[in-house]
Amino acid sequence: MCGAHDNITAAYEGFSAELIAAGLLIPTGAASVYGYNGVFEDVIERFDALVSHAGAALKPEVMRFTPLLTRENYLRTDHLETFPNLMGSVHSFLGTEKELPELIRKRQQREGWADDLGPTAVMLTPAVCYPLYPTATGTLPPQGRLVDLRGFVFRHEPSADPARLQMFRMHEFVRLGTPDQALDHRNYWLKKGEEILQSVGLDVKPVVANDPFFGRGGRVMAATQREQHLKYELIVPVASAEKPTAVASSNYHMDHFGHSFDIKSSDGEVAHSACVGFGLERIALALFKTHGYVPAQWPHSVRQAMSL
Ligand code: AMP
Ligand code: ZN
């Protein structure tokens, strides 16, 4: 057990060292927080264009949000109960001028100055579909809605694995509508996602998956999610072949968000939803791992698929 763990940690450290040496990742001093060079960004943008193109055929509404979610909307979800360890809350100094010298003193003496901060009206969003739901409260049109979303999200999960980031980009397509519309969307994108990833030479495999719900109650939720086949991931060997990485996932939420945000389908029932999410940094890392650190030397078919 311990040996396997050590092997994986060594694989993570070796892979990040190579990515940093190649200039692709720029370390920032924080675990799982990197800058990226132009080559890395170009791969992200070109892969993202493939995803946008595949989605455009379905004529989605395109919406872009910042990585912030109001605290009020955050609390309409059960994220605090189910993923408290991953949450990101934005705090600031909310005190008066009279209280500032104490904050400065604490900072200078390296005391717990952050204790003097207070919560702002916003949280960091844990998925790009979260800011959409509060805007969808009400009744959907008969054909439901399909939305293309892309942006940065935050998850507090520092790790040695360069593919497990604290802030990363997701491109999602979200379907709101009837149970059939949502389930069809989930299944359509599971297949389409696999095709897109295969078209860029990734050895991808679909697997039933679960979210990392917190604690003992979380283990029960995870087991139920797996039993009901609500979440599928597309996995690819990235840092380690032993422990492949999910580069995309396709999820059926049933009426979870419909309930939380009072969204109804046109027949008056609580709306169901599904989303597919492509993890852009993970896909770029999978491409660098599979094809090497120099895109100019990638196989012709991959370069052609990505217009590189
Ligand atoms: P999820 O909402 O957990 O299904 O995540 C959607 C996609 O985001 C996953 O399939 C991954 O590709 C990507 N992802 C999830 N967590 C991380 C992370 N910590 N770092 C980088 N990418 C991630
Ligand atoms: Zn989502």
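In this chain, numbering begins with 1 at the start of the sequence shown. Ligands are counted one by one from 1 in listed order, and the atoms in each one are counted from 1 as well.
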Asks: A side-chain contact here means heavy atoms from C-beta on lying under 4.5 Å apart; do Val43 and Met306 qualify?
Replies: yes
Asks: Ring centroids only, cut at 6.0 angstrom: are Phe213 and Phe83 within range, meaning strictly under it?
Replies: yes
Asks: Check whether any side-chain heavy atom of Phe47 lies under 4.5 Å from a side-chain heavy atom of Val200, and answer yes or no.
Replies: yes
Asks: How would you list, by chain and number, every residue that makes a side chain to side chain donor-acceptor pair (under 3.5 Å) with Glu61, sequence neighbours excluded?
Replies: Arg145
Asks: Exactly which residues line ligand 1, taking a heavy atom under 4.0 Å from it as the test?
Replies: Arg155, Glu157, Ala163, Arg164, Leu165, Phe168, Met170, Lys231, Ala246, Val247, Ala248, Ser249, Gly279, Arg282
Asks: Using the rule that two of Ile, Leu, Val, Met, Phe, Trp, Tyr join whenever any of their side-chain heavy atoms come within less than 4.5 Å, decide whether Phe65 and Leu75 are in one cluster.
Replies: yes
Asks: Less than 2.8 Å away from the Zn ion (ligand 2), how many protein N/O/S atoms can be counted, ignoring water?
Replies: 4
Asks: Can you find a pair of side-chain heavy atoms, one from Met87 and one from Pro126, that are under 4.5 Å apart?
Replies: no
Asks: Can you get from Leu308 to Phe288 by hopping between Ile, Leu, Val, Met, Phe, Trp and Tyr side chains that sit under 4.5 Å apart?
Replies: yes
Asks: Cation over ring, Lys231 on Tyr252, under 6.0 Å and within 45°?
Replies: no
Asks: Could you name each residue pair satisfying salt bridge (Lys or Arg N to Asp or Glu O under 4.0 Å) that touches residues 36-49, not counting sequence neighbours?
Replies: Glu41-Arg169, Asp42-Arg46, Glu45-Arg150, Asp48-Arg150
